[in-house]
Structure formats: C-alpha cells, structure tokens
Amino acid sequence: MDFIDSHAHLDRFPDIATVISASRSSGCIAIITSGYTHEANVAAISLAQKFPNFIFPCIGIAPSVAMDLSDEEFARQFDFVKSNAHKCVAIGEIGLDFHWAKTDAQIGREYSAFSAQLDFALEKKLPLVIHSRKAENEAIDSLISASAGKVLLHYFSGTPELARKAAEAGFFFTTPPVKSNSRKRMLAEIPLDRILLESDCPYVAKTPCGAAEAASLVAEAKGISIEEALTKATENARRFFGLNL
Ligand SMILES: [Zn+2]
C-alpha cells in the first residue's frame, strides 16, 4: 500500500540511492526530509533536487542547534533558510526543546530562534513542522498566540489534554512507530484527518518504511484497519504539505 513518510532525516544516509529504491518498492510515494542543522538544510535542498517529486525538503534551525549559536551565526544560517524557503514544503523542524537546553541563555536563544523562524514562515504562508520535546505547552502557546494555522507537531509526546487543545487550534500531528499507552490515548484524542505518519529515520526507525509501521498505532487507537489508517494518513500528508504527486 502507498504511504508517505512525513518526517525523515535523509541527510544521515551515506547510501541514499539504496534507501530510496527500497522505500519505493515497499510502497513509499514521497518522503519529507527535515533539516535541523545548517548542513542538514543544505543536504535537504540538494537531495530534493536529485529525487524530484519524491523527496520534498523542509528546512529550519532546530532549537537544540539554535541554543548554542551566536547571533551572527544564527543570522548566517537563517539567511540560507530564507533564501531557499521557496523550494520547500514547510519550515522546520523548529520549536523549543527543554530536554537539551540547560541554561537561561540557551532557553532564551531557543525562543528567539523559534519566533524569528515562525514569523518568517507566517509571512511566507509556509506550513510549520514543530519539534517540542519537553516543551509541548510552551510551543503550543507560542503557536496559538502567533495565530499559526498550518502546524504539524512532529513526534508529539504531550498529554492527551494538550493534544486536544492543539487539535482544536487546527494543528496536525505525526506519529512515529513507537508504541506506548500514552501515545495511544493521545491518538484517540486527535481527529483522524489530522494524523500523519513518520519514521524520523535513522534516529527512531531505521528507514522511511518505519512510517508505514506507524499506521498500526493509528489503527489500534481509532479501531480501524491498517489499510484505512494508511490511506487517511497519505491523504492528510498530501493536503498538509500541498503535494502534487
Ligand atoms: Zn526529526
């Protein structure tokens, strides 16, 4: 069955051609490769050029990277994001990460990097891919107060209550193939037309095929078949990223 991997880090694969052909033969019809560092952003743009209409880039400076950048270095890396955004399906992953930020200065730099990139995406009317590890509340509040509409909460691990609040704000979610009772409760709170699948490979699943495995979590939480979960998630990803496959 066809599926879309809505969040992968393809810059991490030394032999990308093999990964792409294996993904294609297992039904993958598109992969969103996500930037996080400057190097990953550069790689995302060039991979999308090599595999047009299959790899789609999203670029941004992740909070755990931004927290240690000087203002000058952030500005330099952000310039690349701004000048390549027109080639991308979204800006991300950006957001807040309080797992890695230890000092007030780091948290401060995370917030300023997040708001600068958030404002830019809103100005360009680009969707946002959000990383919110241990900062789910703060990230959602920032997005709501900025009136962000097209938001995808990647690997969301907040409470079911918070998931409901984000769903009411119109946000989308991706689920990785990582089973837990809390993820099942959270998925139960989110409307089926807002759920996308991700591998987050190679960090979570080994390859983009992990996104297809994540469909079983949706099927279980919603009491539907895996086929229906896959079909819905594929439609949702097309709609969210505006893919014309
Ligand atoms: Zn990721």
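Order of appearance sets the numbers: ligands from 1, and atoms from 1 within every ligand. For reference, positions follow the sequence shown, starting with 1. Values below: all heavy atoms of this structure, side chains included; hydrogens, waters and symmetry mates excluded.
For residues 173-191, the set of pairs meeting the salt bridge (Lys or Arg N to Asp or Glu O under 4.0 Å) definition, not counting sequence neighbours, comprises R164-E189, K179-E220, K184-E220.
Classification of the F98-Y111 ring pair by plane angle, with boundaries at 30° and 60°, yields tilted.
Annotation: cation-pi geometry not satisfied between K82 and F80 (NZ/CZ under 6.0 angstrom from ring centroid, within 45° of ring axis). Figure legend: K150 and F240 shown as a cation-pi pair, the cationic atom lying under 6.0 angstrom from the six-membered ring centre and within 45 degrees of its axis.
Remark: H9 engages H7, Y36, Y203 in a ring pair (Phe, Tyr, Trp, His ring centres under 6.0 Å) (not counting sequence neighbours).
Protein atoms of type N, O or S found under 2.8 Å from the Zn ion (ligand 1) total 4.
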With a cut-off of 3.5 Å and sequence neighbours excluded, list every side-chain donor-acceptor pair involving residues 142-149.
| unit_1 | atom_1 | unit_2 | atom_2 | d |
| --- | --- | --- | --- | --- |
| S142 | OG | E138 | O | 2.9 |
| S145 | OG | D141 | O | 3.0 |
| S145 | OG | S142 | O | 3.3 |

